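Computed over heavy atoms, backbone and side chain alike; hydrogens, waters and symmetry mates excluded. Everything numeric in this text was worked out from a predicted model, so none of it was measured.
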Amino acid sequence: MKKALVVMCALLCIAGMVFAGGRKDTKAAASNERVKVTFQTIDFYAGQCNVGQYADQILKQIEDYCGCDLEIEWVLNDVLSEKITLTLANPKQMPMIMTYGGTLTGNIVSAAKDGAFVDLSKYIWDEKKYPNLSKMLKSVADSLTVDGQLVAIPRTRVVGRYGLTYRQDWADKLGIAEPKNADDVYDMLYAFTYGDPDGNGINDTIGMEMTSYTGPFDIIQTWFGCGNEWAEVNGKLVPVHMQDEYMVALDWLKKVYDNGLMPADWAVRTTDTWSNGCKTGQNGVYIDVIDGGRRVWEYFTKEATFTPSVVDPSKPASMNLYGAVNGRTLATAGYNGFFTLSASTCNTPEKIEAALTLLDKLNDDEMLILTQYGLEGINYHIDEEGYLVDDDTTDTTLAANYMGLNQLLAFLPSAEHVTEPHVKNTIYVDAQNAAYAKALESALVNPAASFLINSETYADIGATLAEIIKQARTQYICGEINKTQLQDAWKRWYDQGGKKIIDEVNVQFAANK
């Protein structure tokens, strides 16, 4: 009996293999039962997304798991903005799901006002149907809501991601404790610049890393009491340059610049050199995303780039992933990039459900692993402790089979979604995650984010006006303009549309109290 059962199983397996070989027929049959979902997303890999020997197998596993037929249109990141503009101009040709970078602004807001997208608030809060998407943070949902309609699903990111990181071995050598406030940070920058932290007897270090990317200034401003882009002052929302604390922060930054504690040519340094100063021992303080400091730390420990500690050369240099200063830091928007569903092509309940089910199920453990690590036994294996070990880190051919598929992920409920099996954390990642959690307690959100989206003036000229403030800040720090000229720039901002933005924001703010 057992022998007959074995033979029968073998015949069934052979039949299954033959049937699998006729994939086109199988897929055609499935297409009669499953909705085809068209998905336009971003290609960061010059046409090498989801290609290679196992690419079709991986895509089919996604389709089978999510219960749809999936047609992906890859758009090179360099032409994404132009492609989105063209696509929005032809609603009937829009893919059902579209991927965008950055935050919800400009022409996407205008398209939303014109009814281009499905109002997702009617669907995704259903916890039974969409257990992952329904866990979206309310604050993030508010910032993706136009005229009362939730028009996008975020590509979730860590909220408490920004902070201060610094060379711990330099601090140890110079006897510097963890900084508690901006004055402590200034003293650290001064010591890192003039205290010979690398011990080579040469004046060749500068305290703080800086390039033309001015995100660090936004973080530093919070240490002095400024908000995140906007703040509530006397019951009204105003941009942070209208806070008294803003001027105090700028004077501190100007002092840092004037005393040579950051690169003199920072304003013309390209952003692709960001973090190089810390990696090469020119700087000791890195203020940006905490994971940036983690990557510097890992760089110190690698064999090819091993950087000895100035305290004990037998050990690698180290970074302190500190986070908030004076109990304050900047919160991220909670997302970077987002997805919309086209109202013209997601035009039936069945299509909407198929698209949302796909976006939801892609956040399940099985799909997170498949889209980010590929196939077990080919791209990764599970070690004796049950951890996932990546096997194709140097084989781009194998990695190309699933490369880019992470662009389909919303990372809900969080970007740190724990998967089983998962990669064993290093001490660096553990330190990073601890710093994230601590920074989250102090991270300031932008209280005007959801109102700015619905400000017509902000949609039209907000970016142009913001450049006035940004340029004036840079010029003041570098001594190119004085305080009177700085205030003149603020007045230009106000007169050229800033007042209208403030008014439009506060009408909504008052209505939501």
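- Residue Ile290 holds its CD1 atom at 7.0 Å from CG of Leu321, rounded to the nearest 0.5 Å.
- Partner of Trp266 under the ring-ring contact (aromatic ring centres under 6.0 Å, His included) criterion, chosen from Tyr213, Phe217, Trp274: Phe217.
- Residues Lys424 and Asp430 are not paired through a salt bridge, judged by the lack of any N-O separation under 4.0 Å between the basic side chain and the carboxylate.
- A donor-acceptor pair is defined here as one N or O able to donate and one able to accept, closer than 3.5 Å; no such pair exists between the side chain of Thr307 and the backbone of Ala317.
- More than 12 non-hydrogen atoms from other residues, nucleotides or ligands lie less than 6.0 angstrom from CD of Glu467.
- Side-chain contact between Asp43 and Asn77 is absent, with no heavy-atom pair separated by less than 4.5 Å.
- Judged by distance alone, the side chain of Thr85 and the main-chain N or O of Ser81 form a donor-acceptor pair under 3.5 Å.
- Here the side chains of Cys49 and Phe44 are not in contact, with every heavy-atom distance at 4.5 Å or above.
- A 4.5 Å side-chain heavy-atom check between Leu398 and Ile378 finds at least one atom pair inside the cut-off.
- Using a distance-only test at 3.5 Å, with no hydrogens or angles considered, a donor-acceptor pair links the side chain of Ser455 to the main chain of Tyr458.
- With values rounded to the nearest 0.5 angstrom, Ser275 atom OG is found 9.5 Å from Asp288 atom CG.
- Asp364 and Tyr65 form a side-chain donor-acceptor contact under 3.5 Å, judged by distance and modelled atom types alone.
- Shortest non-hydrogen contact noted between Leu362 and Met367 is O-CB, 3.4 Å.
- Using a distance-only test at 3.5 Å, with no hydrogens or angles considered, no donor-acceptor pair links the side chain of Asn50 to the main chain of Tyr402.
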Residues Asp64, Arg34; criterion salt bridge (Lys or Arg N to Asp or Glu O under 4.0 Å); working and verdict: CA-CA 10 Å; Asp64 291 344; Arg34 302 196 307 204; 3.0 Å; yes
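- At distances below 3.5 Å, not a single donor-acceptor pair connects side-chain atoms of Thr457 with backbone N or O atoms of Ile501.
- Using a 4.5 Å heavy-atom threshold, the side chains of Thr38 and Ile97 count as separate.
- With values rounded to the nearest 0.5 angstrom, Asn363 atom CG is found 5.5 Å from Leu412 atom CG.
- Side-chain atoms of Asn347 do not come within 3.5 Å of backbone N or O of Ala343 as any donor-acceptor pair.
- A donor-acceptor pair shorter than 3.5 Å cannot be found between the side chains of Asn379 and Asn401.
- For the pair Gln432 (side chain) and Tyr428 (backbone), a donor-acceptor distance under 3.5 Å is absent.
- Cation-pi check for Lys279 over Phe300 is not met; the charged atom does not lie both under 6.0 angstrom from the ring centroid and within 45 degrees of its normal.
- Atom-to-atom distance recorded for Asp119:CG and Ile124:CD1 is 10.0 Å, nearest 0.5 angstrom.
- Exactly one of Asn336, Thr332, Asp291 qualifies for a side chain to side chain donor-acceptor pair (under 3.5 Å) with Arg161. That residue is Asp291.
- Side-chain atoms of Met210 and Pro216, non-hydrogen and from C-beta on, do get closer than 4.5 Å to each other.
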Verdict with reasoning, Thr41 to Val75, per side-chain contact (heavy atoms from CB on, under 4.5 Å): CA-CA 6 Å; Thr41 195; Val75 180; over 6 Å; no
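- Within a 6.0 Å radius of NZ in Lys113, more than 12 heavy atoms belonging to other residues, nucleotides or ligands are found.
- Taking 4.5 Å as the limit, every side-chain heavy atom of Ser342 sits out of range of all side-chain heavy atoms of Met96.
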Tyr100 and Phe339: CA distance, side-chain angles, deciding distance, ring pair (Phe, Tyr, Trp, His ring centres under 6.0 Å) verdict: CA-CA 6 Å; Tyr100 310 76; Phe339 306 107; 8.7 Å; no
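- Residue Glu366 holds its CD atom at 12.5 Å from CD1 of Ile62, rounded to the nearest 0.5 Å.
- The number of heavy-atom neighbours closer than 6.0 Å to CD of Gln93, taken from other residues, nucleotides and ligands shown, is 12 or below.
- Salt-bridge annotation for Lys135 and Asp360: absent, with no side-chain N of the basic residue lying under 4.0 Å from a carboxylate O of the acidic one.
- Two residues are said to be in side-chain contact when any heavy atoms from C-beta on lie closer than 4.5 Å; Leu330 and Leu444 fail this criterion.
- Taking OG1 of Thr270 as the start and CG of Asn276 as the end, the distance is 8.5 Å to the nearest 0.5 Å.
- Between Lys302 and Glu298 there is no salt bridge, since no side-chain N of the basic residue sits under 4.0 Å from a carboxylate O of the acidic one.
- Ser143 contributes no side-chain N or O that, together with a main-chain N or O of Ala449, makes up a donor-acceptor pair within less than 3.5 Å.
- Between Phe338 and the options Val140, Val151, Ile108, Thr156, a side-chain contact (heavy atoms from CB on, under 4.5 Å) holds for only Ile108.
- Environment of CD in Gln282: crowded, with over 12 heavy atoms of neighbouring residues, nucleotides or ligands closer than 6.0 Å.
- Formation of a donor-acceptor pair under 3.5 Å by the Arg328 side chain with backbone atoms of Thr222 is found in this model.
- Using modelled atom types, no side-chain atom of Asp390 and backbone atom of Tyr380 make a donor-acceptor pair closer than 3.5 Å.
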Residue pair Val289, Arg295: steps toward the side-chain contact (heavy atoms from CB on, under 4.5 Å) verdict: CA-CA 10 Å; Val289 292; Arg295 284 187 287 273; 4.1 Å; yes
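- Leu88 is listed as a side-chain neighbour of Phe117, based on a closest heavy-atom distance under 4.5 Å.
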